[in-house]
Amino acid sequence: MVAALSQLILDDLSQIKTCKSTSNIFTEIPVVDLLKPDGKTRMVAACKEFGFFKVINHGISMEFLAKLEDEAVKFFKLSQSEKEKSGPANPFGYGNKKIGRNGDVGWVEYLLFCINPDLVSQDSNAFFPGISETLRSLVNEYVSTVRNMACEVLEMIADELQIQPRDFLSKLIRDERSDSCFRLNHYPPCPEPLLNQTLSDRNMIGFGEHTDPQIISVVRSNNTSGLEICLRDGTWAPVPPDNTSFFFNVGDSLQVISNGRFRSVKHRVMLADDWKSRVSMIYFGGPNLNEKIKPFSSLMEDGETSLYKEFTWSEYKNSAYKTRLGDDRLKPFEK
């Protein structure tokens with residue numbers, strides 16, 4: 001039985017991409033203090049250079065974050081049969097190793113929540129059993145709190161870019177019909193016998209390289225390493241863990257709205273060197289399905305042409321989720 005189980009896991013691992021590890025810790029991550037007046041300037045500079053920055057002094061209770069993390073860990077510690085009552089992910093619900101519908105796999109299990117009330121009422125797959133009421137309640141509170149922080153960040157960006165109205169960006173995700181979602185990822189430790197058999201001199205991917213299709217993503221994780229971002233020169237930079245802060249990713253849609261000024265950051269998760277369990281929480285801020293995505297005219301200089309065709313979020317979402325993780329999802333929409 002043990003041999004059969006090991007072989008089953010090995011078969012899964014054979015599909016997971018591996019790559020050369022990055023030895024240098026990246027220490028230049030832009031840090032934005034929400035209480036300092038230079039925050040909006042630092043945000044915009046970070047969005048242009050990295051598509052990524054860390055937010056501190058956000059005012060969100062560490063005690064609350066610890067409660068949500070504890071409840072998430074309780075769920076992922078359930079037996080596999082209990083967890084699978086909340087799956088398979090289609091796309092919402094519990095998923096294990098398989099990421100999306102197009103063959104991508106990783107050393108990860110997850111819960112994906114729909115947070116649009118209209119979609120939940122229309123799609124039975126958006127509401128799934130098997131999770132505690134406590135976890136569901138904490139997720140709802142977390143999403144509301146983090147969405148407010150994301151809106152504040154987007155309004156600070158609008159101030160710095162002198163975009164009017166100030167809520168031009170934030171209203172896209174503040175709308176109750178916005179197509180946002182929330183994901184809990186768990187990267188379990190790799191069993192030692194399996195590790196010795198398969199990974200001697202290789203690093204294994206927890207979640208393969210990709211950009212986020214939405215406007216902006218907000219990430220928080222426990223004190224375990226693994227997250228890496230791709231720099232402009234194509235090298236991968238490990239992000240030092242910090243469970244007291246939030247990390248913001250520019251998404252594809254915001255790259256289009258800025259006409260390429262902002263960079264949708266490619267990122268991935270490698271398994272931690274010490275094979276500790278990693279838990280991350282990601283809020284994906286997406287617009288209404290019918291929202292038209294195009295470069296914002298007031299940002300464009302005289303004579304500047306649009307780099308992208310106009311599309312609705314629904315059109316882009318449908319196109320993006322037909323691709324593999326590492327594909328250039330924006331390419332079909334370039335002019």
Side-chain angles (χ1 to χ4, degrees), residues 21-22 25-27 29 31-32 34 52-78 80 83 86 89 94-97 99 106-113 131-132 134-147 149-150 181-192 195 203-210 212 216-229 236-249 265 267-284:
S21 62
T22 308
I25 294 294
F26 181 53
T27 58
I29 292 173
V31 178
V32 174
L34 292 184
F52 184 86
F53 56 90
K54 180 167 80 171
V55 162
I56 62 173
N57 282 329
H58 44 72
I60 299 177
S61 163
M62 291 296 103
E63 182 181 357
F64 167 69
L65 294 174
K67 284 182 181 178
L68 175 53
E69 185 178 309
D70 287 346
E71 284 299 316
V73 169
K74 284 181 186 177
F75 174 84
F76 290 119
K77 281 185 175 179
L78 293 174
Q80 195 61 33
K83 289 185 287 191
S86 296
Y94 174 76
N96 185 25
K97 292 191 175 68
I99 303 169
W107 191 258
V108 63
E109 57 180 345
Y110 62 89
L111 277 171
L112 182 61
F113 296 80
I131 66 168
S132 69
T134 302
L135 178 56
R136 193 183 303 277
S137 175
L138 288 169
V139 165
N140 289 340
E141 184 178 352
Y142 180 88
V143 166
S144 176
T145 302
V146 172
R147 177 172 53 217
M149 177 176 57
C181 58
F182 174 70
R183 186 176 186 122
L184 286 170
N185 283 338
H186 176 233
Y187 303 90
C190 187
E192 189 68 28
L195 175 62
N203 290 317
M204 193 168 70
I205 294 289
F207 208 111
E209 63 182 70
H210 63 287
D212 295 338
I216 203 160
S217 306
V218 186
V219 182
R220 188 256 176 195
S221 64
N222 62 352
N223 256 347
T224 304
S225 61
L227 177 63
E228 297 185 353
I229 62 171
W236 287 98
V239 177
D242 181 354
N243 68 339
T244 67
S245 304
F246 291 87
F247 296 91
F248 279 69
N249 297 344
V265 62
H267 53 287
R268 67 185 183 185
V269 175
M270 306 292 288
L271 294 195
D273 293 340
D274 52 8
W275 301 95
K276 289 198 306 184
S277 175
R278 174 182 167 87
V279 176
S280 60
M281 313 169 186
I282 311 100
Y283 166 76
F284 299 96

Mind checking whether I99 and V108 have side chains closer than 4.5 Å, heavy atoms only? yes
Separation between CG of L135 and CZ of F75, rounded to the nearest 0.5 Å: 8.0 Å
To the nearest 0.5 Å, what is the distance between CG on N222 and CG on L65? 12.0 Å
Using the test side-chain hydrogen bond (donor to acceptor under 3.5 Å, both in side chains), find all partners of [X] that sit at least two apart in sequence or belong to another chain.
X: E109; value: K83, Y94, H186
X: S217; value: D212
X: R147; value: none

Please confirm whether the backbone N or O of I282 pairs with a side-chain atom of N185, one donor and one acceptor, at under 3.5 Å? no
Given 3.5 Å as the limit, does a donor-acceptor pair link the side chain of R278 with the main chain of T224, or not? yes
Please name all residues satisfying salt bridge (charged side-chain N to carboxylate O under 4.0 Å, His left out) with R220, sequence neighbours left out, ordered by chain then number. E69
Taken in chain and number order and not counting sequence neighbours, the residues that satisfy salt bridge (charged side-chain N to carboxylate O under 4.0 Å, His left out) with K74 are E71
Smallest heavy-atom separation, I131 atom then R136 atom, equals CG1-NH2, 3.3 Å
Show the nearest heavy-atom pair for residues P240 and F247, with the distance to one decimal. O-CZ, 4.0 Å
Apply side-chain contact (heavy atoms from CB on, under 4.5 Å) to the pair V269 and W107, showing each step before the final yes or no. CA-CA 10 Å; V269 175; W107 191 258; over 6 Å; no
Test log, rule side-chain contact (heavy atoms from CB on, under 4.5 Å), inputs H210 and R268: CA-CA 7 Å; H210 63 287; R268 67 185 183 185; 5.6 Å; no
Side chain to side chain contact (heavy atoms under 4.5 Å, CB included), paired with F246, selected from V219, L34, V218, V32: V218
Pairs where residues 52-61 contributes a residue and the test side-chain hydrogen bond (donor to acceptor under 3.5 Å, both in side chains) is met, not counting sequence neighbours: D33-N57, K54-D242
Test applied, ring pair (Phe, Tyr, Trp, His ring centres under 6.0 Å); reference residue, F248; option that passes from Y283, F53, F52, F284: F53
